[in-house]
Novice: 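Take this structure, written in structure tokens, and hold onto it; I'll ask about it next.
Below, chain A is the first sequence line, B the second, and so on; all start at residue 1. It should be emphasised that the depicted structure is a prediction, and the values quoted were computed from it without experimental measurement.
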Amino acid sequence: MLGKVLVRSERGRETARVITEVEAYIGENDLACHASRGRTARTQVMYGPAGHWYVYLVYGMHEMLNLVTGPEGWPSAILIRGVEGMSGPGRVTKSLGIGREFNGLLAVPASGLHIEDRGIVVPDRMVKRTPRIGVDYAGPVWAAKPWRFLLNSAPLTNTP
DNA sequence: ACAAGGATACCT
DNA sequence: GGTATCCTTGTC
């Protein structure tokens with residue numbers, strides 16, 4: 001998803017930003033994943049088919065935007081932690097006007113929020129991997145998984 | 001360094 | 001119905 005473009009459309013106005021930082025949460029075994037506690041009203045969307053948004057509130061004030069991935073029945077999602085000019089997952093949603101009303105919606109243009117490939121090239125050597133942020137509670141094994149990915153320089157724009 | 005802030009999951 | 005905890009940010 002790095003280098004792909006997050007597109008928010010609202011009443012004919014479109015805001016597009018390149019995704020620069022993401023984290024993976026993979027399955028019930030992953031103790032940092034909300035689905036590690038099983039299927040609940042909140043985590044239900046992660047058990048569904050890929051391509052739907054999973055949006056939840058954390059710390060009582062920040063909306064986290066995740067895209068459901070993986071096959072049906074295997075709860076997994078990618079948290080969008082950063083877009084160009086915006087660092088931090090709470091700022092991503094706030095700056096684009098994204099809230100829990102998107103939870104469960106399919107990531108297609110008609111829903112007002114989707115992801116596009118606009119030809120930006122991201123070679124592997126431009127991608128940095130680190131452990132995920134704020135997941136110490138998951139224990140040393142799962143907190144150490146290098147499942148945070150970010151661009152370590154500006155992406156190469158493929159000008160048509 | 002730490003408060004703000006509300007939902008969630010799990011307990012009684 | 002009570003409570004510990006949370007995939008954070010801004011201000012102290």
Novice: Is there a path from Leu57(A) to Tyr137(A) through hydrophobic residues (I, L, V, M, F, W, Y) whose side chains come within less than 4.5 Å of each other?
Specialist: no
Novice: In whole angstrom, what separates Glu63(A)'s CD from dG5(B)'s C1'?
Specialist: 12 Å
Novice: Atom OH of Tyr59(A) and atom C1' of dT11(C): how far apart are they, to the nearest Å?
Specialist: 17 Å
Novice: Between Arg148(A) and Thr130(A), do the side chains contain an N or O donor and an N or O acceptor separated by less than 3.5 Å?
Specialist: yes
Novice: Would you indicate what Arg148(A) reaches in the nucleic acid, counting non-hydrogen atoms under 4.0 angstrom: base, sugar-phosphate, or nothing?
Specialist: nothing
Novice: Using a 5.5 Å cut-off between ring centres and planes within 30 degrees, is Tyr25(A) stacked on the base of dC7(C)?
Specialist: yes
Novice: Can you tell me how far P of dT9(C) sits from NE2 of His62(A), to the nearest Å?
Specialist: 6 Å
Novice: Can you measure Trp142(A) atom CH2 to dC7(C) atom P for me and round it to whole angstrom units?
Specialist: 16 Å
Novice: Please determine if Arg129(A) forms a cation-pi arrangement with Phe149(A), meaning its NZ or CZ atom is less than 6.0 Å from the six-membered ring centre and no more than 45° off the ring axis.
Specialist: no
Novice: CG of Leu79(A) versus C1' of dC6(C): gap in Å, rounded?
Specialist: 13 Å
Novice: Which part of the nucleic acid, if any, lies within contact of Met61(A), taking any heavy atom under 4.0 Å across all strands shown: a base, the sugar-phosphate backbone alone, or nothing?
Specialist: base
Novice: Whole angstroms only, please: what is the CD1-P distance between Ile133(A) and dC7(C)?
Specialist: 13 Å
Novice: Where the side chain of Tyr137(A) is concerned, which of dA7(B), dT8(C), dC6(C) is the nearest nucleotide?
Specialist: dC6(C)
Novice: Is it true that a side-chain atom of Ser95(A) and a backbone atom of Arg91(A) form a donor plus acceptor pair closer than 3.5 Å?
Specialist: yes
Novice: For Met64(A) and dT9(C), what is the distance between atoms CE and C1' respectively, to the nearest whole Å?
Specialist: 9 Å
Novice: Hydrophobic clusters here meaning ILVMFWY residues chained together by side-chain heavy-atom distances under 4.5 Å, can you tell me if Met86(A) and Leu6(A) are in one?
Specialist: yes
Novice: Is there a residue in residues 27-45 of chain A whose heavy atoms reach under 4.0 Å of DNA chain C, and which residues are they?
Specialist: Ala32(A), His34(A)
Novice: If you check every side-chain atom of Asn66(A), which of dC7(C), dT9(C), dG5(B) has the closest atom?
Specialist: dC7(C)
Novice: Just by distance, with hydrogens left out, do Gln44(A) and Tyr54(A) show a side-chain donor and acceptor under 3.5 Å apart?
Specialist: no
Novice: With nearest nucleotide decided by heavy atoms, which residue, Ala138(A) or Arg91(A), maps closer to the 5′ end of DNA chain C?
Specialist: Ala138(A)
Novice: Centre-to-centre under 6.0 Å for His34(A) and Tyr56(A), is that the case here?
Specialist: yes
Novice: In whole Å, I'd like the distance from the OH atom of Tyr54(A) to the P atom of dT8(B).
Specialist: 9 Å
Novice: Counting only Watson-Crick pairs (N1-N3 plus N6-O4 or O6-N4) and G-U wobbles (N1-O2, O6-N3), all under 3.5 Å, who is the partner of dC7(C)?
Specialist: none
